[in-house]
Protein chains: 2
Amino acid sequence: MKVTVKDIARTAGVSQSTVSKVLNNYAQVKESTRKKVLKAVEELGFVPDLVARSLVMNRTGTIGLIVGDIANPFFSETAKVIIAEARKSGIDVILSDTDYRSELMEMAVKNMLARRVDGILISAVDRKDTFTTDLYKKGYPLVLFNRHPDSDLVNYIVLDNGKGSRLAVNHLVQLGHRRISFISGPLQFSTFHHRYLGYKNAIQEHNIPYIEEFVFDGDPSYESINDYLKELLNKDEKPTAFFAATDQLAIHVMDALARMGFNVPLDFSVIGFDNIDISSNPHINLTTVSQNKKEMAKLALEKLLALIDEGEIPEQPIHITLEPKLIIRKTVGVNYEQFHYETPRGEISLSEG
Amino acid sequence: MKVTVKDIARTAGVSQSTVSKVLNNYAQVKESTRKKVLKAVEELGFVPDLVARSLVMNRTGTIGLIVGDIANPFFSETAKVIIAEARKSGIDVILSDTDYRSELMEMAVKNMLARRVDGILISAVDRKDTFTTDLYKKGYPLVLFNRHPDSDLVNYIVLDNGKGSRLAVNHLVQLGHRRISFISGPLQFSTFHHRYLGYKNAIQEHNIPYIEEFVFDGDPSYESINDYLKELLNKDEKPTAFFAATDQLAIHVMDALARMGFNVPLDFSVIGFDNIDISSNPHINLTTVSQNKKEMAKLALEKLLALIDEGEIPEQPIHITLEPKLIIRKTVGVNYEQFHYETPRGEISLSEG
DNA sequence: CTGAAAGCGCTTACAG
DNA sequence: CTGAAAGCGCTTACAG
């Protein structure tokens with residue numbers, strides 16, 4: 001049934017070794033025997049068995065990609081880049097989806113190791129993860145991207161999330177906002193943790209008091225955010241702007257605000273983070289902080305492939321930080337109120353003199 | 001370095017065969033030797049090499065999934081279901097992305113065959129594809145879903161796309177629309193082909209003349225659709241409603257209309273197809289035809305797994321057709337104009353008598 | 001209930 | 001330039 005090297009050898013009248021040599025482009029093969037072998041390959045429709053080859057070469061030509069949620073645009077768009085680039089090197093990708101659960105991540109990794117993938121790429125570890133650092137210490141080719149654990153003893157490529165938050169807060173402050181609410185996802189992930197820290201630092205730099213009620217990091221569902229906003233907007237001290245740690249969250253905020261009858265940006269300003277595809281839709285038009293996720297993905301794969309090829313443990317773990325960018329669209333407005341109430345260093349009162 | 005069955009055998013003081021037997025839960029193993037082996041496995045941290053096992057068992061425990069564009073929500077959401085379900089059977093998924101190009105699909109399939117995946121799932125063939133039918137004839141476990149080739153000699157699970165179009169057109173007609181433009185993707189894909197045919201049949205059933213200028217199936221980019229609409233809306237004979245063959249296209253239509261200053265649904269009605277996640281967003285709120293893509297994906301995997309397990313070619317190819325559903329939201333309005341101009345069978349003139 | 005031997009389909013020193 | 005032999009890490013008749 002199945003055509004093997006043995007069959008080729010027999011019909012070409014040479015040995016298995018010779019067949020293998022022409023298949024692998026060894027230089028020292030006489031042109032006439034090369035032709036004989038190739039002819040047999042053609043005739044019998046021979047396709048080398050990659051499983052057998054993997055076993056003997058100690059290399060499968062596959063890598064594992066572990067994502068948090070492939071239905072989330074961030075993960076699927078980065079996966080696309082990785083699959084396409086890997087293919088260029090003849091490498092296939094085994095995909096795992098963890099639903100953001102760390103037990104599932106560990107299981108996926110263990111399974112991939114048993115499958116002997118040549119290396120692993122992970123875009124969704126949580127901060128307290130130590131499994132990946134163990135793997136790093138063993139010298140296993142592994143590159144994290146997007147998120148990293150608290151331990152630095154592992155290779156990773158991430159966005160400068162703190163800087164991204166600073167960009168967002170500065171933009172808001174420049175337009176007169178000083179009461180800025182921060183809507184975050186779970187702080188157990190480094191992305192949110194650093195976005196939160198960046199928010200906190202940025203408002204401090206502007207001498208804006210940190211108000212605990214302005215920070216939300218609970219269940220990131222629409223309902224939960226809606227409840228939070230209702231309560232918040234009933235208080236005396238209301239924010240004038242919302243900085244959401246993801247575009248998805250920003251859109252939830254905008255939806256909730258719209259249902260309460262508010263206009264964005266006239267009543268409240270909203271700024272997001274991630275610049276997912278929907279955000280540029282004219283019906284949404286969200287001002288946001290963008291990251292070059294494709295570059296991140298490409299870089300992660302590149303580093304992983306280098307690690308695999310070198311076959312040796314680098315002295316230092318690889319740590320790369322990418323730059324965020326502010327994308328100004330239509331959801332942030334000027335807070336005139338602010339310019340009237342407080343006239344810091346007299347910028348506004350100038351016109352009165 | 002690497003711990004193998006041999007190592008376990010030696011430290012447990014048994015033979016390789018015995019180790020293999022306890023690893024694979026053979027009944028006839030004495031409890032005491034089973035324990036000895038398990039202890040050695042534990043101590044040495046042994047993990048069976050799945051590549052070696054694959055070679056001898058003639059089964060890799062992997063399947064190939066070939067999609068048109070993993071960054072497209074349809075493909076990523078179905079991929080998620082497939083990966084999760086496959087995992088429950090201990091099966092891993094190798095993912096390929098074809099960018100809708102059939103050469104890349106063929107290459108992906110060939111590569112997966114060389115990798116000896118146990119079966120293949122494809123959600124993006126084009127109508128003229130014959131490669132998959134060849135594979136089917138060879139008895140290779142293969143299930144297509146979402147799209148199918150013109151040839152019926154292959155297993156597939158698809159939506160009843162013609163019926164979906166009928167649902168959309170009927171809804172529009174019930175609300176008084178008779179001039180309905182159809183905005184389609186490339187007709188080389190069975191999905192669009194059947195949605196187009198369904199549109200054509202449905203308007204015929206309502207005695208609505210087919211107007212060629214009302215049908216668009218060119219480049220599905222925003223710009224191209226915008227150009228088409230501009231030209232169309234300059235003509236004397238304008239549609240009152242747009243039926244788009246995907247939600248993505250419907251959103252393009254709505255964006256273009258909004259930019260021209262029109263209101264949906266007051267000036268024009270729009271209906272989509274697919275019910276992707278964004279469509280339910282309160283800012284979009286698109287009326288659309290929905291398909292249960294998760295069920296489709298699950299079913300496709302189920303059938304594939306059955307095909308793999310049976311190991312024999314079924315008499316007849318598997319053909320399953322799923323039912324579409326109309327989801328009414330806010331983008332379709334009543335065409336009052338229609339009720340005034342024509343008063344078919346006097347429904348409207350009644351009030352005058 | 002257990003073990004010796006063969007084999008899955010390749011590649012790679014090694015010898016000639 | 002070519003071939004015989006060993007081996008990658010497992011499983012599976014087969015014999016005992």
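Throughout, a chain's letter reflects where its sequence line sits, starting with A, and its residues are numbered from 1.
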Along DNA chain D (nearest heavy atom to each residue), the more 5'-positioned of A/S17 and A/E31: A/E31
Candidate nucleotides D/dG3, C/dT2, C/dC8, ranked by approach to the side chain of B/V56 - the nearest: C/dC8
Residues which pass side chain to side chain contact (heavy atoms under 4.5 Å, CB included) with B/Q188, listed by chain and number, not counting sequence neighbours: B/D126, B/P186
Residue list, salt bridge (Lys or Arg N to Asp or Glu O under 4.0 Å) with A/R87, at least two apart or on another chain: A/D92
Residues which pass salt bridge (Lys or Arg N to Asp or Glu O under 4.0 Å) with B/K80, listed by chain and number, not counting sequence neighbours: A/D69, A/D97, A/D99
Phosphate OP1/OP2 of C/dT2: any B/Y26 side-chain N/O under 4.0 Å: no
Between CG on residue B/N292 and NZ on residue B/K298, distance to nearest 0.5 Å: 9.5 Å
Side chain to side chain contact (heavy atoms under 4.5 Å, CB included) against B/D134, all qualifying residues, sequence neighbours excluded: B/K137
Nucleotide of D/dC10, D/dT2, C/dG3 approaching B/T18 most closely (side-chain heavy atoms): C/dG3
First of A/V51 and B/T33 reached from the 5' end of DNA chain C, by closest nucleotide: B/T33
Side-chain heavy atoms of B/R115 within contact of B/T60, under 4.5 Å: no
OP1 or OP2 of D/dG3 under 4.0 Å from side-chain N/O of A/S15: yes
For A/Q16, all residues meeting side chain to side chain donor-acceptor pair (under 3.5 Å), sequence neighbours excluded: none
Distance, rounded to the nearest Å, where B/R34 contributes CZ and C/dC1 contributes C1': 12 Å
Residues that A/D7 engages under salt bridge (Lys or Arg N to Asp or Glu O under 4.0 Å), provided they are two or more places apart: A/R10
B/N25 CG to D/dT12 P, straight-line distance once rounded to whole Å: 13 Å
Euclidean distance, atom CG of residue B/L50 to atom C1' of C/dC8 [Å, nearest integer]: 15 Å
For A/Y156, ring-ring contact (aromatic ring centres under 6.0 Å, His included) partners two or more places apart: A/H148, A/H319
Touch class at under 4.0 angstrom, heavy-atom based, for B/V14 against every strand present: sugar-phosphate
Residues from residues 3-12 of chain A lying under 4.0 Å of DNA chain D - heavy atoms: none
Within residues 107-120 of chain A, residues whose heavy atoms come under 4.0 Å of DNA chain D: A/R116
Proximity to the side chain of A/R53 - top-ranked nucleotide from C/dG9, C/dT11, D/dC10: C/dT11
Ion pair check, A/K294 and A/E77, cut-off under 4.0 Å: no
Residue A/M57, side-chain atoms from C-beta onward, closest of C/dT11, D/dG3, D/dT12: C/dT11
Whichever of B/V47 and A/Q16 has its nearest DNA chain D nucleotide further upstream toward 5': A/Q16
Just distance, no hydrogens or angles: give the donor-acceptor pairs under 3.5 Å from side chains in residues 39-46 of chain A, sequence neighbours left out.
none

Nucleotide-level pairing of DNA chain D, given in dot-bracket where Watson-Crick and G-U pairs need both distances under 3.5 Å and | marks other strands: |||.||||||||.|||
Short side-chain N/O contact to C/dC10 OP1/OP2 from A/S20, under 4.0 Å: no
Sugar-phosphate, base or nothing in reach of B/N24, heavy atoms under 4.0 Å: sugar-phosphate
Non-neighbouring partners of B/D118 that pass salt bridge (Lys or Arg N to Asp or Glu O under 4.0 Å), sequence neighbours left out: none
More than 12 heavy atoms from other groups under 6.0 Å of CD on A/E31: yes
Sugar-phosphate, base or nothing in reach of A/S54, heavy atoms under 4.0 Å: nothing
B/K21 NZ to D/dA13 C1', straight-line distance once rounded to whole Å: 9 Å
B/D49 CG - D/dT11 C1' separation (whole Å): 13 Å
